[in-house]
Amino acid sequence: MSRSDIDEEDRPSEGARFGEVPDQYDPEAVEKRVFEYWEEVDAYEKTKEAFADEEPFFFVDGPPYTSGAAHMGTTWNKSLKDAYIRHIRMRGHDVTDRPGYDMHGLPIETKVEERLGFENKKDIEEFGMENFISECKSFADEQLEGLQSDFKSFGVWMDWENPYKTVSPEYMEAAWWGFSQIAERGLVDQGKRSISQCPRCETAIANNEVEYEDREDPTVYVSFPLREREGSLVIYTTTPWTIPANEFVAVGEELTYQKIRATRDGEEDVLYIAAECVENVLSKGRYEDYEIEEEISGAEMLGWEYDLPLAEEVPANPDRDGTHTVYHADYVEAEDTGLVHSAPGHGEVDFERGQELGLPIFCPIGGDGVYTSEGGKYEGQFVKEADEEITADIEEKGLLVASGTITHSYGHCWRCDTPILQMATDQWFITITDVKEELLDNIEDSEWHPQWARDNRFRDFVENAPDWNVSRQRYWGIPIPIWVPEGWCGEMDDVIVIGSREELAKRVDEDVDPEEVDLHRPTVDDLTITEDGTTYERVPDVFDVWLDSSVASWGTLDYPGDEERFEELWPADLIMEAHDQTRGWFWSQLGMGTAALGEIPYDEVLMHGFANDSEGKKMSKSVGNVVQPHEAIQRHGSDAMRLFLLSVNPQGEDMRFSWDEMATMERNLNILWNVFRFPLPYMRMDGFDPEGTDLEAVDSDLELVDEWILARLQTVTREMTAAWDDFRQDQALSALMEFVVEDVSRFYIQVVRERMWDEEDSPSKNAAYATLYHVLKQVCALLAPYAPFITEEIYGALTGDRGHDTVHMLEWPEQEEYWTDEQLETDIELVRAVEEAGSNARQQAERKLRWPVSRVVVAAGEDRLAEAVGRQGALLEDRLNAREIHVVATDERFEELAYSARADMSVLGPQFGDRAGEVMSALNEARIEEPSLDALSAAVSTALGEDVELTEEMVEFVEETPEELSGSRITIEGNGLGVVYVDTELTEDIESEGYAREVIRRVQEMRKELDLPIDAPIRLDLDIADDQVAGLVSEHEDLIAEEVRAAELETVEDGHRKEWEVEGIEMEIAIESLE
RNA sequence: GGGCCGAUAGCUCAGUCAGGUUGAGCGCUCGGCUGAUAACCGGGAGGUCCGCGGUUCAAAUCCGUGUCGGCCCA
């Protein structure tokens, strides 16, 4: 379909150049038109083609997780990505823009379980793993569609036809490949590790998937009787269910413990407790009396042995290899009892210390949190439910010192809210700690914005990162590609790790087509490998979903399936995500890249913040402060929403959402809209041809203000480019917005209005056309990455079918030396400051701008100001409607000014007594040429007829401005540069022009009321009651006739007639169209 | 509990690196302008620079400490 087929009515800005555009900026209508237009001309595809031969730039999209819709944070993230992709493209790059989606994992499984009403793994097994997995896939696909359409709705241009999906065979293969590389380097291991287990999901979950919430738990103080000596160790725990797995008690070597003989209910107990904890423990245990028998250090207690209270109930608990002994541990503090019950099977620190001590790892529970046969008496009970029985058993033995409950923060599964259990299980690990130095080195190869994120946060995290548990005992994920031999003894050399579909097909016993095979469970579960007479079976686990996205830098290139692009592009030039990804995707990619390829897979990182509410608080459904992106789009349009999001500092700081700011952005766009449509009627009327009449052609006719706006454009272009290079697109945007609003709209357009209104075809008018046209086109290019819709529409209207198919094919403008003129920029800045002060002075004198003033005097406080006003006097005359501008240089005096003084009566009184009043009057009335004591004394002495001694304390000098002048200070950002004086004295000549202008303005308003075309000639009839004023006005009949396009000044019989009152004078005006 | 980041006008932010009278835009308000007109221009009001302590002639800025918010870790 060609452009000419487009319905003109729907697309006012398209088709003919300088066509009619709607009066009002209507974002929704603009978006609708632009979306249709993009579709019709294949704008995205054409843009990509246009830059296809440029230098490649490899951007990698961090894949959003496919559950739920796009929120403000995702929207901010994608807006940033879109803006940077567009900008980098304009700078001459072929940018990779393949979007990605993270589609596996437990969160989706639990959503599907909810949907199907499942409660645990057994329900899934019953439903059938294959069915369940296919439900997960459809769920993820559904969510993906929703996200895609959300992203498209605010104009993000990415390769939507071809996103990478972590569930595709190519992508899963990329994960297998990376993992096999890591295995080859010997960085994969299987073994017991203490992990957080969700007993409902029956899988290990990552630490960051643990959410802490308050819950009530039992507290027990238990005494462990010592062997071969009198007394017991008192321990404290909130998890009685872990006591069956107790293996040692930890003390602090440096801490002091006391041997206490305490009595309650007539019974005597001998207890060991940390000195600082004694009081508290004994009061909890309701002991009536006690005495301290001995004080010893923790070090002296090392090696003491004790009897496990539940030894009979749990016979499998190993009483050998150094268990049930006192050891030192760093994690002990003088809290609770100062003696820490340690169960390596149920705690991370316990586990580590147990490993160091060479203790066996005893964990008598299964993945569902139920005691196994090793749990002895408690077999078959869920641990949390066994708490009570265990406590009772201990009490029966007389070993319960105290019990109660506590409300404390406890970890829960982020998906199903089940309290998590710490347990030691067999898991697969990437032993990332083996390459920690390499990780830290590789960090240096990346550049971060902001840099502190890398050097503080990220480095700290990497330094403390534990081995990466990559196995999950679940269904919806990438199956771990490890096959182990029957009766495997745990030796890694004996396992087979498959790295690709082809390798899989080659090595498995079954017939598999590498092109067709689905790598998901359960397909791969049934595949076996037989080599050298040994049969291998796949381990049943799937990968932690964090592993999926960690391979995105090559997965997005379909590597290893497609090697060519990997060779050309990898590693990524740029990634950008929010700061939560420091320990997420920034980290997982570093780990994967380093372990698999020895390199960090990205060069530059832009780390942005979170989208908070207007008070800086997290948006959350329960608080009800969530702002939906589609609501923002509805209220202010996609462009305004994007402008707001992109106006926020993208480096590490959180965003505060603000409807106010977004509304301001829409208003700014409205100003741009007005700026753009202002010249169109004139250009159309005059048949302006921007190709023939370009800047070069009108160069010699350019006026100062044209040169100025072009110079400003160069500066803005330079500043914006620098800001983008610095990853501060927000600063670039504010520079551009200030240019549009402040310079183009509020100054340039105001100044050139008269030139455009000129009926004659003048060189000056053409120069203004060419200038404004150039400026508008450049503004479109500079704004395009931020506001893709409105810029498209404006660009289309300016270029018609002579330009590119889309504004997004433009190159990023460069600063042009030829038009750069810093002196001129400073001049005008100063002139505008004078103008502002001048307007203020006029207002004080109540003289409207329509009435000319005879002269304006600028008393310069700085040479630079005098220079500027000297050079730009003509412009200033025009702006202030002054007949003459006079500059008083810094070393000159403005003679019309005089000084007087104000007396300080508290000093004058005592000094002059009776005559103080007289002296004061003389002071006030004195008019002297310079503010000096000598001059003042002389004037006062003359007035009083005798010598008067004055001192500095008595007076304060004040400037006396003559009555006909009105003064105002000239300032830029609060700094004073001088004073402007406006002479508002009226003369007949000034009154004559003033009244004439009053008439013109009213006739113009009446023309508008008749909705006349701007160039329609009229007949004008004036009837002014006051003869003198009528005479004054008649002196300017020619001016009036020209301004209002009055071809005849005659009686109007039945035209548009109106009574006016001007400065108290009645006048009647009538007009009539001559067409 | 620990690490990192932030707090300046009613709102959004600059100024903090390198100490010297806190500044802009928006909003509010008063006035002006009028063929860009639901636009535009000028004036005005509006501040405990989060609190406390220290260094210094001088602190929004440097140091210490606390409070609140955000992210991460436990």
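We name chains A, B, ... by the order of the sequence lines, and we start the count at 1 in each one.
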Using the [atom1] atoms only, state how far [M] lies from [N], rounded to an integer number of Å.
N: B/rU56; M: B/rC50; atom1: P; value: 24 Å
N: B/rC11; M: B/rU16; atom1: P; value: 23 Å
N: B/rU8; M: B/rG51; atom1: P; value: 10 Å
N: B/rG3; M: B/rG43; atom1: P; value: 49 Å
N: B/rG64; M: B/rG2; atom1: P; value: 16 Å
N: B/rG47; M: B/rG15; atom1: C1'; value: 15 Å
N: B/rC73; M: B/rG54; atom1: P; value: 39 Å
N: B/rA59; M: B/rG69; atom1: C1'; value: 25 Å

What does [X] touch in the nucleic acid at a heavy-atom separation under 4.0 angstrom: a base, only the sugar-phosphate, or nothing?
X: A/Tyr682; answer: sugar-phosphate
X: A/Thr582; answer: nothing
X: A/Gln750; answer: base

Does a side-chain N-to-carboxylate-O contact under 4.0 Å join [X] and [Y]?
X: A/Arg583; Y: A/Asp460; value: no
X: A/Asp730; Y: A/Arg728; value: yes
X: A/Asp613; Y: A/Lys618; value: no

So, under a plain 3.5 Å distance rule, would you say the side chain of [X] forms a donor-acceptor pair with the base of [N]?
X: A/Ser745; N: B/rA39; value: no
X: A/Arg1001; N: B/rC33; value: no
X: A/Glu661; N: B/rG25; value: yes

Each nucleotide N or O in nucleotides 27-32 of chain B that has a protein N or O under 3.5 Å away: list the pair and distance.
none

(message) Contact between A/Trp468 and A/Ser588 at the side-chain level, heavy atoms closer than 4.5 Å - yes or no?
(response) yes

Would you say [N] has OP1 or OP2 under 4.0 Å from some side-chain N or O of [X]?
X: A/Arg753; N: B/rA36; answer: yes
X: A/Arg583; N: B/rC72; answer: no
X: A/Lys618; N: B/rG69; answer: no

For the side chain of [X], starting at C-beta, report the closest nucleotide among [options].
X: A/Glu653; options: B/rC5, B/rC71, B/rC40; value: B/rC5
X: A/Lys617; options: B/rA36, B/rC4, B/rG69; value: B/rG69
X: A/Phe610; options: B/rA36, B/rC71, B/rU12; value: B/rC71
X: A/Asp580; options: B/rC5, B/rA36, B/rC72; value: B/rC72

(request) Search all heavy atoms of A/Phe747 against all heavy atoms of A/Val705 and return the closest pair with its distance. (result) CE2-CG2, 4.2 Å

(message) Does the structure place the NZ or CZ of A/Arg635 under 6.0 Å from the centre of the six-membered ring of A/Trp659, at an angle of no more than 45° from the ring's axis?
(response) yes

(message) Once you measure the plane-to-plane angle for A/Phe688 and A/Tyr769, does it fall in the parallel (<30°), tilted (30-60°) or perpendicular (>60°) bin?
(response) tilted

In this structure, how many angstroms lie between the [atom2] atom of [N] and the [atom1] atom of [X], rounded?
X: A/Asn674; N: B/rA38; atom1: CG; atom2: P; answer: 9 Å
X: A/Met662; N: B/rC26; atom1: CE; atom2: C1'; answer: 14 Å
X: A/Arg459; N: B/rG3; atom1: CZ; atom2: C1'; answer: 15 Å
X: A/Asn612; N: B/rC5; atom1: CG; atom2: P; answer: 17 Å
X: A/Phe586; N: B/rC72; atom1: CZ; atom2: C1'; answer: 13 Å
X: A/Asp730; N: B/rA14; atom1: CG; atom2: P; answer: 8 Å
X: A/Leu672; N: B/rA39; atom1: CG; atom2: P; answer: 15 Å
X: A/Glu719; N: B/rA14; atom1: CD; atom2: P; answer: 17 Å

(message) I'd like to know whether the aromatic ring centres of A/Phe657 and A/Phe644 sit less than 6.0 Å apart in this structure.
(response) yes

(message) In this structure, which stretches of RNA chain B are paired as stems of three or more consecutive Watson-Crick or G-U pairs, both distances less than 3.5 Å?
(response) B:1-7 with B:67-73, B:10-13 with B:23-26, B:28-32 with B:40-44, B:50-54 with B:62-66

(request) Sort out for me which residue in A/His636, A/Met737, A/Glu666 forms a side chain to side chain contact (heavy atoms under 4.5 Å, CB included) with A/Leu643. (result) A/Met737

(request) Ignoring hydrogens and angles, tell me if any N or O in the side chain of A/Asn612 forms a donor-acceptor pair with the backbone of A/Arg656 under 3.5 Å. (result) no

(message) Heavy-atom nearest nucleotide on RNA chain B for A/Phe678 versus A/Ser647: which residue maps closer to 5'?
(response) A/Ser647

(request) Using heavy atoms to find the nearest nucleotide of RNA chain B for A/Val1044 and A/Trp452 separately, return the residue whose nucleotide is more 5′. (result) A/Trp452

(request) Count the heavy atoms belonging to other residues, nucleotides or ligands that lie under 6.0 Å from CD of A/Glu276, then report whether that count exceeds 12. (result) no

(request) Give the C-alpha distance, both sets of side-chain angles, the deciding distance and a yes or no for salt bridge (charged side-chain N to carboxylate O under 4.0 Å, His left out) between A/Lys436 and A/Glu463. (result) CA-CA 7 Å; A/Lys436 192 153 279 182; A/Glu463 273 170 1; over 6 Å; no

